[in-house]
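The next block holds one structure in the form of structure tokens; read it before the comments.
Values below: every heavy atom of this structure, side chains too, minus hydrogens, waters and symmetry copies.
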Amino acid sequence: TKLRPMNRQEYARYIRFAFDTFIAEAAVASGEPIELVRARVGNPPPEPPQNDLMYVVEHESQDVGYVWIRLFPESPGSQ
């Protein structure tokens, strides 16, 4: 089992799935229609934010999961 950085195509596929899931969950939590939540939130970022690390988990040459790490370099104690 190993981690490897996501490439652009993997990021585009993953962020679409993650963003659609986020929109659906936000709609349920707020009681608003999905279309309204989507219009308010906008689109997912086309590229990973600078402080985000995105990895693919591989096991026996198969992609089995993802790891998304958000760094907070400006937080006290992060240096």
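- Within the structure, the salt bridge (charged side-chain N to carboxylate O under 4.0 Å, His left out) test picks out the following pairs touching residues 17-27 (sequence neighbours left out): R16-D20, D20-R38.
- Listed by chain and residue number, V41 satisfy the side-chain contact (heavy atoms from CB on, under 4.5 Å) test with F22 (two or more places apart in sequence, or in another chain).
- The nearest pair of heavy atoms linking E32 to L36 is OE2-CD2, 3.8 Å.
- For A27, the side-chain contact (heavy atoms from CB on, under 4.5 Å) partners at least two apart in sequence or on another chain are I34, V37.
- Residue pairs meeting the salt bridge (charged side-chain N to carboxylate O under 4.0 Å, His left out) criterion with at least one member in residues 49-62, sequence neighbours excluded: K2-E58, R4-E58, D52-R70.
- Not a single side chain to side chain donor-acceptor pair (under 3.5 Å) links T21 to another residue, sequence neighbours left out.
- Taking Ile, Leu, Val, Met, Phe, Trp and Tyr as hydrophobic and joining them when side-chain heavy atoms fall under 4.5 Å apart, one finds F17 isolated, its cluster having no other members.
- For the side-chain contact (heavy atoms from CB on, under 4.5 Å) test, residues two or more places apart in sequence or in another chain that qualify with Y66 are M6, Y14, V56.
- Following chains of ILVMFWY side-chain contacts shorter than 4.5 Å, one cannot reach W68 starting from Y55, and the two form parts of different hydrophobic clusters.
- For the pair Q62 (side chain) and H59 (backbone), a donor-acceptor distance under 3.5 Å is absent.
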N/O donor-acceptor pairs under 3.5 Å from side chains in residues 43-51, not counting sequence neighbours:
residue : atom : partner : partner atom : Å
E47     : OE1  : R8      : NH1          : 3.4
E47     : OE2  : R8      : NH1          : 2.4

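- In this structure, CD1 on I23 lies 10.5 Å from CD on E35, to the nearest 0.5 angstrom.
- Transitive grouping of hydrophobic side chains (ILVMFWY, heavy atoms separated by less than 4.5 Å) brings I69 and V64 into a common cluster.
- The side-chain contact (heavy atoms from CB on, under 4.5 Å) test applied to V28 returns no partner, not counting sequence neighbours.
- Residues forming a ring-ring contact (aromatic ring centres under 6.0 Å, His included) with Y11 (at least two apart in sequence, or on another chain): none.
- Under a hydrophobic-cluster definition in which Ile, Leu, Val, Met, Phe, Trp and Tyr are linked whenever side-chain heavy atoms come within less than 4.5 Å, directly or via other members, L53 and L3 are assigned to the same cluster.
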